[in-house]
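For reference, the structure is listed below as structure tokens.
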Amino acid sequence: AGLSVVALAAGKKYFGSATDNPELTDTAYVAELSNTKDFNQITPGNSMKWDATEPSRGTFTFSGGDAVVALAKKNGQLVRGHNCVWHNQLPSWVTSGNFDNATLTSIVQTHCSTVVGHYKGQICKYSPPHSWDVINEPFNDDGTWRSDVFYNTMGSSYVAVALRAARAADPAAKLYINDYNIEGTGAKSTAMVNLVKSLKASGVPIDGIGVQAHLIVGQVPSTLQANLEQFTALGVEVAITELDIRMTLPETAALRQQQKQDYQSVIAACKAVAGCVGVTIWDYTDKYSWVPGTFSGQGAACPWDANLVKKPAYDGIVAGW
Ligand code: XIL
């Protein structure tokens with residue numbers, strides 16, 4: 001039967017999958033998600049986001065996130081919290097509230113401390129969650145700050161406000177800034193380096209950089225490993241947080257073989273970098289991938305097909321570890 005993914009990662013790094021609450025009624029899907037030979041970590045794909053957790057000001061709902069955490073605990077899997085502050089999936093009371101700096105600062109503090117505090121670990125190694133994407137997608141691709149309600153109201157101070165609130169709420173959680181198109185070196189990765197440097201210089205808590213890795217078949221950046229190394233040289237850990245590798249449909253045997261190589265390259269880069277703590281795929285099956293709904297004409301990005309059958313990409317993951 002071969003060695004399991006988790007055994008190959010040898011206990012040094014985790015390998016996990018995102019999931020989403022509607023999928024948890026699919027018993028065949030949940031059985032594989034709960035297979036701890038393949039996955040020892042889970043990320044909730046939607047249910048810890050702002051629109052889900054604080055749909056109206058000061059009213060918090062945790063049922064969706066709690067269900068994912070309960071599954072992970074039952075399975076003995078780590079959880080990554082995702083996410084506290086992001087420009088997407090915000091309730092309209094945040095985006096349309098026209099709050100001033102002081103008020104939005106207080107709103108961000110309350111949101112981060114309540115959500116992170118709710119999931120504060122208490123018991124064991126697998127206490128939920130063990131790391132948090134506190135800040136998600138702060139930059140434009142050219143490395144400038146994204147113009148969203150947080151930046152436009154608070155300037156870049158929102159990052160420190162959120163990180164400090166998260167640290168106070170759960171001192172044991174690893175606090176991350178997570179973004180896409182920071183897989184290879186370039187302007188956006190340089191912006192992340194400069195942000196982490198300035199946070200550290202100011203004594204703001206920051207433990208990790210999350211590299212989303214929503215990639216395209218045949219286009220894994222050649223500078224991936226060097227870039228992970230430049231991040232860990234800052235004194236933070238890195239994680240591949242949302243890996244999928246999409247293709248223009250239809251899926252062909254040749255594209256599947258290239259995809260296998262690409263998954264292997266990404267895993268091998270994390271394996272080679274001491275400070276890369278693990279890899280999460282953004283759901284494991286094409287049945288529930290976000291890709292076709294977001295990138296027109298593209299899909300087949302996951303290592304399991306829509307019938308939950310392993311594709312060559314799975315063997316690439318095994319080979320990469
Ligand atoms: C996606 C979810 O997978 C979808 O179900 C949802 O409709 C949109 O968000 N970057 C992120 C994730 O940080 O939260 C996004 O997840 C994918 C892109």
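Counting starts at 1 for both ligands and their atoms, following the listed order. No experiment lies behind these values; they were computed from the predicted model shown.
When only interatomic distances are considered, the shortest N/O to N/O separation between N83 and ligand 1 does not fall below 3.5 Å. Any N or O atom pair closer than 3.5 Å counts here, and N136 shares at least one such pair with ligand 1. For ligand 1, the polar-atom distance check against D20 finds no nitrogen or oxygen pair separated by under 3.5 Å.
Listed by number with element, the atoms of ligand 1 under 4.0 Å from a non-hydrogen atom of H82 are 11 (C), 12 (C), 13 (O), 14 (O). Per-residue contacts place Q89 under 4.0 angstrom from the following atoms of ligand 1 (heavy atoms of the residue considered): 6 (C), 8 (C), 9 (O).
Between P221 and L215, the closest heavy-atom pair is CD-CD2, 4.1 Å.
Given atom 11 (C) of ligand 1, the protein heavy atom at minimum distance is E242 OE1, 3.0 Å. Counting only heavy atoms of the protein, atom 1 (C) of ligand 1 lies nearest to K49 NZ, 3.6 Å. The protein atom (non-hydrogen) at minimum distance from atom 5 (O) of ligand 1 is N46 ND2, 2.9 Å.
A donor-acceptor contact closer than 3.5 angstrom links the side chains of N101 and T105. For the residue pair D141/Y180, the side-chain donor-acceptor check at 3.5 Å is not satisfied. Y158 and T153 form no side-chain donor-acceptor contact under 3.5 Å, judged by distance and modelled atom types alone. Side-chain contact of S34 with N75: a donor-acceptor pair under 3.5 Å is present, judged by distance alone.
When heavy-atom distances to ligand 1 are checked against a 4.0 Å cut-off, W282 comes that close only through its side chain, counted from C-beta outward.
Heavy atoms of other residues, nucleotides or ligands lying less than 6.0 angstrom from NZ of K260 number more than 12.
Classified by interplanar angle (parallel below 30°, tilted 30° to 60°, perpendicular above 60°), the ring pair W86/H82 is tilted.
Under a 4.0 angstrom heavy-atom cut-off, W86 registers as being in contact with ligand 1.
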